[in-house]
Number of protein chains: 2
Amino acid sequence: MEPHEPDLTAVPVTAVLAALADDVRLQIVRALAEGGEAACGSFDFGVSKATRSHHLKVLREAGLTRTRAAGTSRLVRLRRDEVDKRYPGLLDAVLTPHPPA
Amino acid sequence: MEPHEPDLTAVPVTAVLAALADDVRLQIVRALAEGGEAACGSFDFGVSKATRSHHLKVLREAGLTRTRAAGTSRLVRLRRDEVDKRYPGLLDAVLTPHPPA
DNA sequence: GGTGTTGTTCGAATGTTGTCGAACAAGGGT
DNA sequence: ACCCTTGTTCGACAACATTCGAACAACACC
């Protein structure tokens, strides 16, 4: 089956924002922004693997990540350049820590 | 009753993103970014006034807009400076037109 | 006071999303 | 061949979102 990784220009803004508007997914994106490529299993944020797989699918279909198989694992990485090009400042604005003050 | 216009620092990022992740609300925000202050009724995007009122409430409670009474109308305006300060680049990234190419 | 305009709130219908366990698929190792 | 690890997919369920019409509130104006 196809990986279903659309071009960012084919994804409505609202879908990109919706993909980022979830706590678990935001943690995943933050981890990817810091750590580069990572296996799906490395994102243990207190949800089952079914849920995690679902969130990774949402991110992938929003055009935010790319996934490639590597043995029994799958490596996920953030499509930083493409996102920054189409939505300059979005990731920076959303990924930087936000002091409660 | 209180207007319920929280400080931006008190609103989780995901709530801000969720508020922007809707077509109707994004149109409202775009209109506000261009036209400055506007009455609620000026946002006729094919939804009923009940629905419009709901969306304005979501934007207000996400800390994105401010509302003040003016006679029988209510004037809404975007909290541009505050949003830009906390999330630099967010509004720009999201409000600028996105060519499908 | 009565009427019209402008919004808000309520209740209900409908649709979407997040979550899980269980079943399944694909690889790697022994 | 067998098993373990790693992920995905399937149903199901609960929670939340969007939408509407109708009822209500506040104000202005005659």
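Every chain is numbered from 1, with letters handed out A, B, ... down the list of sequences.
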Across all chains, not counting sequence neighbours, the side chain to side chain contact (heavy atoms under 4.5 Å, CB included) partners of Arg66(B) are Glu5(B), Arg77(B), Arg79(B), Glu82(B)
Minimum-distance nucleotide to Thr72(A) side chain [options: dT19(D), dT5(D), dT9(D)]:
dT5(D)
Arg52(B) CZ to dC20(D) C1', in whole Å, measures 13 Å
Closest non-hydrogen atoms of Ala62(B) and Leu8(B), given as atom of the first, atom of the second and distance, are O-CD2, 3.4 Å
With side chains defined as the heavy atoms from C-beta onward, is the minimum distance between Ile28(A) and Leu59(A) less than 4.5 Å?
yes
Of the options Val29(A), Leu26(A), Leu17(A), which is the one that meets Val94(A) in a side-chain contact (heavy atoms from CB on, under 4.5 Å)?
Leu26(A)
For a quick check of understanding: with a heavy-atom distance under 4.0 Å over all strands, which category does Val58(B) fall into, base, sugar-phosphate or nothing?
nothing
Neighbour count >12 (heavy atoms, 6.0 Å) for atom CG, Asp81(B):
no
Heavy-atom closest pair (Val47(A) atom, Arg52(A) atom, distance to 0.1 Å) is CG2-N, 4.1 Å
Side chain to side chain contact (heavy atoms under 4.5 Å, CB included) with Pro6(B): which residues, sequence neighbours excluded?
Val11(B)
For residues 20-45 of chain A, which residues have at least one heavy atom under 4.0 Å from DNA chain C?
Asp22(A), Arg25(A)
Does Ser73(B) place a side-chain N or O at less than 4.0 Å from the phosphate oxygens OP1/OP2 of dG7(C)?
yes
Tell me whether Thr96(B) contacts the main-chain N or O of Asp92(B) through its side chain, where contact means a donor paired with an acceptor under 3.5 Å.
yes
Leu90(B) side chain near Val16(B) side chain, heavy-atom distance below 4.5 Å:
yes
Under 4.0 angstrom between His55(B) side-chain N/O and dT19(D) OP1 or OP2:
yes
Show the nearest heavy-atom pair for residues Phe45(A) and Gln27(A), with the distance to one decimal.
CD2-NE2, 3.3 Å
What's the NZ-P distance between Lys57(B) and dA17(D), to the nearest Å?
11 Å
What's the closest nucleotide to the Ser53(B) side chain, out of dT19(D), dG18(C), dT8(C)?
dT8(C)
Rounded to the nearest angstrom, tell me the gap between atom CG in Leu75(B) and atom C1' in dG7(C).
12 Å
For Arg74(A) and dT5(D), give me the distance from atom CZ to atom P, rounded to whole Å.
19 Å
Can you tell me the distance, in whole Å, between the CG atom of Leu59(A) and the C1' atom of dT8(D)?
16 Å
Work out how much the helix from dG1(C)-dC30(D) to dT30(C)-dA1(D) bends between its end axes, five pairs an end, to the nearest 10 degrees.
20°
Rounded to whole angstrom units, what separation is found between the CG atom of Leu17(B) and the P atom of dA17(D)?
14 Å
Do Val13(A) and Tyr87(A) make a side-chain contact, defined as non-hydrogen atoms from C-beta onward lying under 4.5 Å apart?
yes
Polar atoms only, N or O, under 3.5 Å: list the protein pairs with nucleotides 22-24 of chain D and their distances.
none

Could you check how far CZ of Arg68(A) sits from C1' of dT6(D), rounded to whole Å?
15 Å
Reading DNA chain C from 5' onward, which residue's closest nucleotide shows up sooner: Gly71(A) or Val47(A)?
Val47(A)
By side chain to side chain contact (heavy atoms under 4.5 Å, CB included), Val76(A) pairs with (sequence neighbours left out) Leu32(A), Cys40(A), Leu56(A), Thr65(A), Thr67(A)
So what does His54(A) hit on the nucleic acid, given a heavy-atom distance under 4.0 Å: a base, only sugar-phosphate, or nothing?
base
